*Asks:* 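Below you will find the structure I want to go over with you.
Since we're looking at a predicted model, the values are computed, not measured. Every heavy atom of this structure was used, including side-chain atoms; hydrogens, water molecules and symmetry mates were not.
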Amino acid sequence: MPPGGSLNSKMGGKRAEKPLQTLLRLFRYYKNSVGLLIFALLSIIAYSAATTATYYMMDPLVAVLEDGVSADMAKYIALLIAMAALYLIAVVTNYLLNRLMLSISARVLCAVRKEMFEKMQSLPISFFDGHTHGELMSYFTNDTDAIRELLQNSFTQMLISVTSLIAYIGMMIYLSIPLFLIIICMGICIFYVMRVVGGRSRRNFVRQQRVVAGVNGYIEEMMEGQKVVKVFNHEEAARAAFNVQNEELCHVATNANTYANIVGPLMNNLSHIFYAITCTVGVLLAAPVPGQPFLLEGTWFAQHQEFLVVDHSDLTISIVQGSICHLQKFPGKHCCICCSDEGTVTLVRVEEQNGMLIETDRRTGHWAWKRDGELIPMRGDVRFTDVDFSYDGKKQVLEDVTLYAHPGEKIAFVGSTGAGKTTITNLINRFYDIADGTITYDGIPIREIKKSALRSSLGMVLQDTHLFSGTVMENIRYGRLDATDEECIEAAKIANADFFISHLPDGYQTELVADGANLSQGQRQLLAIARAAVSDPPVLILDEATSSIDTRTEKHIEKGMDALMKGRTVFVIAHRLSTVRNSDCIMVLEHGRIIERGSHEDLLRQRGKYYELCTGTSELS
């Protein structure tokens, strides 16, 4: 599937909702701007009424001119004043309308971006696995800009066109029914032609938006991987691949805008033809009503019908581009949005009084699970029972995995790449949900635990470290936002990061940029360990936590890591067998199954896979 594919195509083939349905869903963002919206609608009505009335007044004004201004100067001046007043009303209401819609669109976009970001935080990891960063950024840039255009311009012009058409129809019926019937025939022809042209334009604009997302994703990927591109002299190949996507975008955009740009000339020509037909028929019928007002009304009727057709096309295009609507209802196979999937068990602070646990707001260092009013001490007992898991529903990554970790035990996983080591730790965090079996935490199925409570009880150091823009102190404090500076510094000392931090230009207040690009990979990983240390969790997950640290530095922080792991349930993934020797239990995985388990000495005596790894007769791939 191309990276620019629409969300609809990635949602199990579900049909996209109709534009009108999407528009109605967008209206819920107006709830904080109801008053402004009412004033905007009143301004539209006043504007349409004023502009329509000015054309009706053309006939008496022409009549006065034909009779001679001197014959009825007072009436001539009154008509001029009335027309000037109407034009002034039109100008003022048009200004108010645009000013109000600008304010409304700004408020709506603020709410849209806020809800989009909140939705991003709640989406499962599987969603981000299937979408490029550039594509996701396209939702916040291109698509929100399309929604802004929709709310600020397209929707406003459509309302003006609708109200103006209603006013013109009423005026033309009043002036001449036979000529009005001709105008209706003209309107039907114009609507049919514009529907055909607009439909083709709309389809091309939808395709253009998909290609834009793909181009954005490719550019973002190339920018992140510039070092790799240059190391392998891949510049020409990258340029060639970009040119292919860029040419496709150019082709699609040309087609989309070609159909969009022929609407204006086509409408003008049709309007002139029907203008001539109306004049001819009016003369043949010897219409008793003055022709000038009717012809003006008919001309503006055609123009507003053009606006309506074009605006409706732009409206539909903007809605289709507004992927926020699809993002907001993304279900996902491993989705964590449903309330029933979120869990009800929470994590609370407790203290012991007379042998009983009492919930408290004070920091006591003790926690308990709150389940149906019952307090269950949080100890860090994690168990897998007959667990099966697959990322795509086809290839099994874990099969019939059963393991347990008693409170305070250190469990290590070793095995080849792709054996399922990291997958086990991802399931503990509920980044994904299992297909079969059970995972319990202190005897509670993790499906019943709120994700926020579950993850706040876990500390995790990943192989791929991510640092945020901000100071070193703020990045360490990310592990626990209420940690004091002293606690952050103590965590840095445990991780053996205090030494290099103190030698930075501004120490703990040094600003980190571009994911910590001003630090070495090893220094970044030390900060990640400090971040886990400050969170002080009962369960700690170390996924290749020391992979970017040299052996000498690893020896230096060994005591600190031992202090960090003391009294905690620890899951360790490491390729360095020296890291796992002192584990309480070592599990050897192969093709998603646990093939060996036991202590370092036990596994050596078994003379199996682990023995081969330790003696060098086999290697981890």
Side-chain angles (χ1 to χ4, degrees), residues 379-391 395-432 434-443 446 458-463 532 537-547 561-562 564-621:
R379 299 179 294 117
D381 186 296
V382 179
R383 299 173 183 263
F384 281 56
T385 306
D386 302 326
V387 170
D388 295 334
F389 177 74
S390 171
Y391 286 104
K395 181 182 178 182
Q396 285 291 103
V397 179
L398 295 180
E399 188 172 354
D400 195 28
V401 170
T402 297
L403 61 90
Y404 61 86
H406 292 305
E409 284 189 339
K410 180 180 178 182
I411 309 298
F413 299 105
V414 297
S416 304
T417 300
K421 305 183 297 296
T422 299
T423 299
I424 290 177
T425 60
N426 285 337
L427 295 181
I428 296 174
N429 274 281
R430 265 199 88 191
F431 290 153
Y432 305 90
I434 58 177
D436 195 16
T438 58
I439 303 175
T440 61
Y441 192 159
D442 290 332
I446 61 171
L458 303 170
M460 196 166 186
V461 182
L462 301 172
Q463 181 178 4
V539 176
L540 189 62
I541 299 172
L542 306 176
D543 187 354
E544 295 288 357
T546 57
S547 62
M561 291 292 289
D562 288 342
L564 176 60
M565 292 185 287
K566 186 177 181 180
R568 293 182 170 86
T569 304
V570 182
F571 293 93
V572 179
I573 298 173
H575 277 89
R576 293 178 187 171
L577 296 180
S578 59
T579 309
V580 302
R581 288 178 185 272
N582 62 344
S583 300
D584 296 294
C585 182
I586 301 172
M587 300 191 185
V588 183
L589 281 85
E590 196 69 36
H591 304 300
R593 288 178 174 272
I594 299 175
I595 60 173
E596 296 177 15
R597 69 179 78 201
S599 66
H600 174 71
E601 292 76 14
D602 291 338
L603 292 178
L604 288 179
R605 285 194 294 268
Q606 293 179 22
R607 302 180 73 87
K609 182 71 172 180
Y610 185 79
Y611 174 82
E612 294 176 358
L613 294 173
C614 288
T615 58
T617 57
S618 179
E619 295 182 356
L620 290 175
S621 58

*Asks:* If you measure from CG on Leu589 to CD1 on Ile594, what distance do you get to the nearest 0.5 Å?
*Replies:*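 So the gap between those two atoms works out to 5.5 Å.
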
*Asks:* If I compare all heavy atoms of Thr425 with all of Thr422, which pair ends up nearest, and what's the gap?
*Replies:*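 Residues Thr425 and Thr422, closest heavy atoms: OG1-O, 2.6 Å.
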
*Asks:* Nearest 0.5 Å, what's the CG-CZ distance between Asp436 and Phe389?
*Replies:*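 It is 13.0 Å, given to the nearest 0.5 Å.
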
*Asks:* With Ile424, which of Ile541, Leu403, Ile439 fulfils side chain to side chain contact (heavy atoms under 4.5 Å, CB included)?
*Replies:*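 Filter result, single survivor: Leu403.
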
*Asks:* Taking Asp386's backbone N and O only, do any of them form a donor-acceptor pair with Thr402's side chain (distance below 3.5 Å, no angle check)?
*Replies:* yes

*Asks:* About how many Å separate OH of Tyr441 and CG of Asp381, when rounded to the nearest 0.5 Å?
*Replies:* 9.5 Å

*Asks:* Under the salt bridge (charged side-chain N to carboxylate O under 4.0 Å, His left out) test, which residues partner Glu399, sequence neighbours left out?
*Replies:*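 Salt bridge (charged side-chain N to carboxylate O under 4.0 Å, His left out) check on Glu399 returns Arg593.
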
*Asks:* Which atom pair, heavy atoms only, marks the closest approach of Cys585 to Met587?
*Replies:* SG-CE, 4.0 Å

*Asks:* Between Ser599 and Asp584, is there a donor-acceptor pair closer than 3.5 Å when you use the side chain of the first and the backbone of the second?
*Replies:* no

*Asks:* Quick check against the 3.5 Å criterion: does Asp543 have a side-chain atom that pairs as donor or acceptor with the backbone of Ile573?
*Replies:*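 Such a contact is absent between Asp543 side chain and Ile573 backbone.
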
*Asks:* If you round to the nearest 0.5 Å, how far is CD1 of Ile434 from CD1 of Ile446?
*Replies:*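 Between atom CD1 of Ile446 and atom CD1 of Ile434 there are 6.5 Å.
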
*Asks:* Quick check: do Leu603 and Tyr611 have side-chain heavy atoms less than 4.5 Å from each other?
*Replies:*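 They are not in side-chain contact.
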
*Asks:* Donor-acceptor check, side chain of Thr385 to backbone of Gly437, threshold 3.5 angstrom: yes or no?
*Replies:* no

*Asks:* Answer yes or no: is there a side-chain heavy-atom contact under 4.5 Å between Ile411 and Val382?
*Replies:* no

*Asks:* Search all heavy atoms of Leu398 against all heavy atoms of Ala419 and return the closest pair with its distance.
*Replies:* CD2-O, 4.5 Å

*Asks:* Which atoms form the tightest heavy-atom contact between Lys421 and Phe413, and what is the distance?
*Replies:*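 Nearest heavy atoms, Lys421 then Phe413: CD-O, 3.7 Å.
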
*Asks:* How long is the straight-line distance from OG of Ser390 back to CD of Gln396, given to the nearest 0.5 Å?
*Replies:*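 With rounding to 0.5 Å, CD (Gln396) is 5.5 Å from OG (Ser390).
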
*Asks:* Just verifying a value: how many Å separate Asp400 CG and Asp388 CG, rounded to the nearest 0.5 Å?
*Replies:* 6.5 Å

*Asks:* Kindly give the heavy-atom pair with the smallest separation between Leu540 and Ala532, and that separation in Å.
*Replies:* CD1-CB, 4.1 Å

*Asks:* Check whether any side-chain heavy atom of Thr423 sits under 4.5 Å from a side-chain heavy atom of Tyr391, and report yes or no.
*Replies:*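 Thr423 reaches Tyr391 side chain to side chain.
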
*Asks:* Show the nearest heavy-atom pair for residues His600 and Cys614, with the distance to one decimal.
*Replies:* CE1-SG, 4.0 Å

*Asks:* Who are the side chain to side chain donor-acceptor pair (under 3.5 Å) partners of Glu596, not counting sequence neighbours?
*Replies:*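 Partners of Glu596 by the side chain to side chain donor-acceptor pair (under 3.5 Å) criterion come out as none, since no residue qualifies.
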
*Asks:* With Tyr610 as reference, evaluate Asp602, Val580, Ile595 under the side chain to side chain contact (heavy atoms under 4.5 Å, CB included) test and give the passing residue.
*Replies:*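 Exactly one candidate clears the test, Val580.
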
*Asks:* Going by ring-ring contact (aromatic ring centres under 6.0 Å, His included), name the residues that satisfy it together with His406, two or more places apart in sequence or in a different chain.
*Replies:* Tyr404

